[in-house]
Amino acid sequence: MPIWEPEKERMSRDDLRQTQLERLQATLNRVYKNVSFYRRRFKQIDFRPEDDFTDICDIERLPFTTGQDISESYPYEMFAVPLREVVRVHASSGSSTNPRVVGYTRQDLNTWADLVARILSAAGVVQDDVIQITFGYGLLTGGLGIHYGAERIGASVLPTSVGRTERQIKIMQDFRTTVLVCTPSYALVIADRMDSIGLSAKKLSLKYCICAGEPWTEKMRREIEGRLFVKVTDNYGITEALGPGIAGECLHQCGMHIQEDHFLAEVIDPKSGTVLGPGMKGELVLTTLTKEAFPVIRFRTGDICSIADEPCECGRTTRRISRILERCDDVVVVKGINIIPERIGDILQEIRGERPVFQLVLVREGPRDQLEIWVEVTEQLFFDKMREQRTLVDLMSRKIANFIGITPKIKLVEKGSLRREGEGIKPFVDRRFEAVEDTGCTNS
Ligand SMILES: [Zn+2]
C-alpha cells in the first residue's frame, strides 16, 4: 500500500526527534508571545521558552491544558493568530457551559488535508476509490476533516453526511462506493438495514470501512468485517488538537500510527500526572507541533490508551496508540458527543428545582448505542398521574436533547435501585456489553 508522505512517515527516529524539538521550540515561543493563557501559565512556573527549553523532556515541566481551560477561553481567547488569519472555525460538542472553539489558518487546513490523506492512505484509500462520508458536516470536525483529506488523495468523495440509512445504501449501491467512513455502530446499522431489505453486501463494491467517533471493540470490528465484507480500520481525532488526522491504523490493524512530526504524544498517570513509558496504560496527552491558529500544549484528552514503539510491518516509523476503550474522567462519549453527567444534573434541577438522583446509562439497542437517563422516583418529583409523569419525562428529554444534541430516553426507576459505588451513585454505567438484567424500571 502506498504511503502518502513516505519521507515523513518513514523518517528515522533521530530525525523525527530533531524535527519535534525544533517545532516544539517554535510552538512554545509562539504561544508565549501570542496567547495570554499560556504566557500566564509559563510565568507562574518561571519558564521562558527561549532559555528554558532545550530538550523534549523539558516539556514535562509545563502544566497541562484541560478541556475546561478551553471552554473558559470561549470563544477566541486561546487563538494564537488574529481572527483575520483564521479561515475556518470548528467547535466540539457542548460538554460544559461553553463549547470548545478552535480555528484554522489556511496553512492549518493545508496541513490537515495532508494528515487526513496520510491516515486514509494507510487505511487503503487510493485515487480510484469512491469514498462515502457519513459523518456530520458542521461545527464538529469529522465530516469536513475527512472530506478534504479524501479530496487531497484524489478519491471521488460522496459527502452524504449523517442519517437516512436507506438512501445511504442506495447511494452505496448505485454510485459503487468502495470506502465507507462512519462510526462503528452506524456500520452495523447499515448492515442491519441491508439484512432487512434483503441486500447482500456482496452486491456492493465496498472494500474498506474507516471507523471513528466513539469507543468500540475488536469484536465490533470483526462483526463489521464479516457482515460488510470489508477491511476495517480505526482512527483517532479530537477537535481540541486538530480533528481527524492525528492517528490512524494501517492495514496491519495493530494500533494507530501517530503523526509524530505534527503531534507530541505522551501517556500519563491520570492521577499523579507522571509520564509513563511505552506499553503502559494511561491518559493520552497531546501537544501540537505545527498548528498556527490553535496550538495546544499538553492537552489532556481524557482518553485512556498505551503507546507501542515496536516497528510496524508497513514501514512507517511512527509509534502507535492502542484502541481507546475508556476515559479517565466522567465524560461519557456517545455518538461522538462528549457529555458530562454533572451538567445533565444541572438541567434536571432547573426543571423542578430539585436535583434528582440519576444515572447515565449507555445501552445497545440492536446495533445502536442509546443513551438512557435513569431517574429515581420521589414523591416531590413525580406525581401519581400517569399523564403528568409523561409530560415531565418528555420535558426532561427535550431539554437535555437541546443541550447535548442527541435525545436520551428517560427511565423512571424505583428509589434506591440505581447502581451504587461506595456511598455515591455511579454517574455513568456502560451496559452495552453486559447481559440484560432486570432493572426494575417503572417507565420507559
Ligand atoms: Zn503500520
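The figures here come from the full heavy-atom set of this structure, side chains too, leaving out hydrogens, waters and symmetry mates. Note that ligands are numbered from 1 as they come in the structure, with each ligand's atoms numbered from 1 the same way. This is a predicted model, so every value here is computed, not measured.
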**Report entry** E240 (side chain) donor-acceptor with G67 (main chain) under 3.5 angstrom
**Finding:**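 The answer is no, because no donor-acceptor pair under 3.5 Å joins these two groups.
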Query raised in the report: Within the distance-only criterion (no hydrogens, no angle test), does the side chain of Q25 pair as donor or acceptor with the backbone N or O of P49 below 3.5 angstrom?
Result: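 Here the side-chain-to-backbone pair exists.
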Can you confirm whether [X] is buried at [atom1], in the sense that more than 12 heavy atoms of other residues, nucleotides or ligands lie under 6.0 Å from that atom?
| X | atom1 | answer |
| --- | --- | --- |
| E342 | CD | no |
| D55 | CG | yes |
| R164 | CZ | no |

Query raised in the report: Quick one: do D195 and R227 make a salt bridge, cutoff under 4.0 Å?
Result: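 R227 and D195: salt-bridged.
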Report task. Sort by chain and number the protein N/O/S atoms found under 2.8 Å from the Zn ion (ligand 1). Result ->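 Short answer, with waters excluded from the count: C250 SG, H257 NE2, C312 SG, C314 SG.
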